Each structure stands twice: as C-alpha cells, then as structure tokens.
Amino acid sequence: MVDTSDEWIIKRTGIKTRHIAQNETTSDMGTKAALQAIERSGLAKDDIDMIVCATISPDYFCMPSTACMIAKKLGISNVPAFDISAACTGFIYALATAKAFIESKMAKNVLIVGTERLSAIVDYTDRTTCILFGDGAGAAVVSASEKKEEAIMDVHICADGKYHDYLITPGCGTNKPCSEEVLKERECFIHMKGNETFKVAVKTLTNDVVDILAKNGIDSDDISYFVPHQANYRILNAVASALKLKKEQVVVTVDKYGNTSSASIPMAINDLYESNKLSKGDLLLLDAFGGGFTWGSALVPFAPHS
Ligand code: UT7
C-alpha cells in the first residue's frame with residue numbers, strides 16, 4: 001500500500017505483527033475484554049458500579065459513549081458509564097479515575113476498559129503512521145480493599161496542550177467540521193509528527209517514572225514488571241535503560257500487536273497473566289504517553305480477587 005519495508009518497520013519500531021478488526025466495533029472488543037476481566041475477578045456483573053472506557057476510536061462520534069455501548073452489551077444498567085479521552089495514556093487516566101472514586105467511597109467495583117479500533121482512523125496512504133497502529137482491547141476490575149498491601153500505591157497523570165498538534169486528527173471536530181475538503185485532505189485520520197513526538201516521549205516518560213519511584217521510595221529492583229505503553233520498542237527500551245531495569249522486568253508486546261493506544265497496557269498485563277508470570281503481590285510499574293500530549297505512570301501491586 002505504501003513505500004516501506006518489513007526491515008524498516010522492525011528496525012525503527014520493533015513491530016512485527018498487528019491485528020486489524022474485521023467485523024467488530026470498539027465496544028464489541030471492549031465488551032469481550034470486560035467479560036473476561038469480570039469473570040476472572042469472581043464478581044457478578046451486578047457488582048460493577050461504574051464503567052470507565054478509555055478510547056480515541058469510539059463507536060460513535062460524540063454520542064453515545066463507548067462505555068454506554070459496553071454497559072448495554074454487558075447487560076449492566078443504572079450505573080455511571082463514561083469515556084475518557086486521553087489518547088494512549090487513557091488506561092492510566094481510567095485507573096486514576098477508578099482510584100479516586102473508590103477512595104472517595106463513591107464506587108466499590110469499577111470496570112476500566114481500554115479499547116481501540118484504530119484501523120478505522122488510520123490513513124493507509126500515510127507510511128509514517130499506518131505501519132504503527134493496531135486494534136485490540138483490555139480491561140480490569142478495580143475494587144475497594146481494606147488491605148493496604150493491595151492498594152494502588154500511586155498514580156500520576158499529566159498533560160501539556162501546547163503539543164496538541166503533534167499527534168492529532170485535524171478534521172471532523174468542531175474546529176474543522178466534516179466537509180468534502182476535510183475528507184479530501186484525509187484530515188479525519190491520525191496525523192503525527194513522529195520524530196518530534198518520539199523525542200518528547202522519551203524525555204517526559206523518563207522524568208515521570210524516575211519521579212514516581214523516588215516519591216514512593218521504590219528502587220528499580222523492587223519492580224516486578226515494567227509495563228509501558230507499547231508505541232515503539234526504542235521508546236520503551238530507552239526508558240527501561242534509564243531505570244537500569246533487567247530485560248526480564250520489561251514487558252514487550254509491541255512486536256505482536258503494534259501500538260493499540262489505550263488498550264496496550266491492559267493487553268500487556270493480560271499477556272503476563274495468561275503466560276502465568278504474574279503472582280499476587282508483584283509490583284507493576286505502568287507508564288504511558290500520547291496525544292495531547294498526555295502522560296502518566298502508576299505503581300500497582302497485582303492483587304487478584306480471592
Ligand atoms: O503512542 C503515542 C505516542 N507515539 C509515539 O510515541 C510514536 C513516536 N514516534 C515514532 O515511533 C517514530 O518517530 C516513528 C516510528 C514514527 C518514525 O521513526 P523515526 O526514526 O523517528 O523516523 P523519522 O520520522 O525521523 O523518519 C526517518 C526517515 C524519513 O525519510 P528521510 O526524510 O530521512 O528521507 C521518513 O520519510 O524514514 C522515512 N520513513 C519511512 N521509511 C520507510 C517514515 N516512515 C517510513 C516507513 N517506511 N514506514
């Protein structure tokens with residue numbers, strides 16, 4: 001489709017395969033991941049008292065939210081359900097939201113979902129972006145607990161809108177409503193200043209993870225697994241090297257799934273879980289960076305529902 005090569009893509013990004021949804025919407029994939037998460041939690045669907053969905057590729061432009069579609073497909077009604085728009089950092093924003101609602105006692109069991117059908121908003125004539133993105137979904141149930149060792153240790157979320165045009169879908173919003181010109185210029189698709197984004201991402205993420213570890217008195221050796229957003233192997237490797245993490249501490253799935261935006265972190269945690277590498281009490285360091293720019297990190301002990 002475009003002038004590129006397997007060799008270039010693997011060398012510059014680490015991506016070998018990606019998955020493209022054929023007949024599924026973003027909420028279809030999110031619902032499947034959510035059902036799996038609820039089943040593994042041992043809770044009943046009725047126990048879920050809030051649904052938060054992070055996505056930049058919603059089923060519908062504006063409304064209804066993808067969270068509402070997931071709630072409908074799960075058969076859960078009469079609970080708050082809403083989307084979070086924080087691009088690739090969406091899952092960490094959702095985690096922060098769940099933590100805040102639970103700590104303020106406004107919710108007990110929050111379903112958080114990261115789901116993306118990015119293939120619907122990727123321009124397959126643009127070689128600088130179309131080789132990066134894939135589709136997928138992941139989910140988790142975050143619950144209240146009296147046990148301190150099970151608590152999310154810390155979540156840090158941040159943004160700087162001065163970089164808003166580095167990673168953007170320029171058309172079809174109120175800034176530039178849908179028109180023939182917008183469609184002709186392919187402005188309803190993802191546009192990215194890749195190299196500039198890369199540089200800000202490495203610097204910002206490194207500072208962010210160093211800060212969250214220092215703030216919580218955690219050494220790199222205390223981290224069981226570093227689960228970064230999977231945008232580019234070179235980015236996550238640069239951050240892991242700055243923290244002097246060992247190879248076995250770093251979770252890499254970008255080779256298998258490409259960049260799935262808000263879904264990449266829960267999908268990577270799921271890979272760990274399904275390969276039986278996760279044990280109760282393992283400390284996860286999450287980090288993500290995305291359009292906005294937004295970024296964030298979290299320290300989360302793996303505490304399966306018993
Ligand atoms: O998830 C949210 C955050 N996203 C990110 O953090 C992604 C950040 N960016 C990246 O991952 C990388 O910048 C890219 C993978 C997008 C690009 O890699 P790069 O090493 O920064 O390459 P570049 O943009 O500096 O381009 C180098 C060359 C250019 O050619 P010239 O000008 O040197 O002749 C590009 O036109 O590579 C060319 N190029 C390609 N060549 C073959 C760009 N895309 C391709 C391609 N195939 N697909």
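Both counts, for ligands and for their atoms, begin at 1 and track the order of listing. Here the structure is a predicted model, which means the values were calculated and not measured. Residue numbers run from 1 in the order of the sequence given.
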>> Could you check whether R186 pairs with D123 (Lys NZ or Arg NE/NH1/NH2 to Asp/Glu carboxylate O, under 4.0 Å)?
In response: yes
>> Treating S5 as the side-chain partner and W8 as the backbone partner, does any N or O pair qualify as donor plus acceptor under 3.5 Å?
In response: yes
>> When you measure from the side chain of N259 to the backbone of F133, do you find a donor-acceptor pair of N or O atoms at a distance under 3.5 Å?
In response: no
> Side chain, backbone, both or neither: which part of V2 has a heavy atom under 4.0 Å from ligand 1?
Replying inline: neither
> Is V254 reachable from L243 through a run of I, L, V, M, F, W or Y residues, each pair having side-chain heavy atoms under 4.5 Å apart?
Replying inline: yes
> Given that the side chain starts at C-beta and the backbone is N, CA, C, O, which of these parts of T129 lies under 4.0 Å from ligand 1, counting heavy atoms, or is it both or neither?
Replying inline: neither
> With a cut-off of 4.0 Å, which atoms of ligand 1 are near a heavy atom of G194?
Replying inline: 8 (C), 9 (N), 13 (O)
>> Which residue and atom name correspond to the protein heavy atom nearest atom 27 (C) of ligand 1, and how close is it?
In response: R12 NH1, 3.6 Å
>> As an exercise, identify every atom of ligand 1 less than 4.0 angstrom from a heavy atom of N232.
In response: 10 (C), 11 (O), 12 (C), 15 (C)
>> Taking the basic N atoms (NZ, or NE/NH1/NH2) and the acidic carboxylate oxygens, is any pair closer than 4.0 Å for E24 and R117?
In response: no
> Which ligand 1 atoms, with their elements, are less than 4.0 angstrom from a heavy-atom of T4?
Replying inline: 42 (C), 46 (C), 47 (N), 48 (N)
>> Tell me the contacting part of F198 for ligand 1: side chain, backbone, both, or neither, using a 4.0 Å heavy-atom threshold, strictly below.
In response: both
> Relative to the heavy atoms of R234, which atoms of ligand 1 are at a distance of less than 4.0 Å?
Replying inline: 18 (O), 19 (P), 20 (O)
>> Does anything in residues 18-50 form a ring-ring contact (aromatic ring centres under 6.0 Å, His included)? List the pairs, not counting sequence neighbours.
In response: H19-Y257
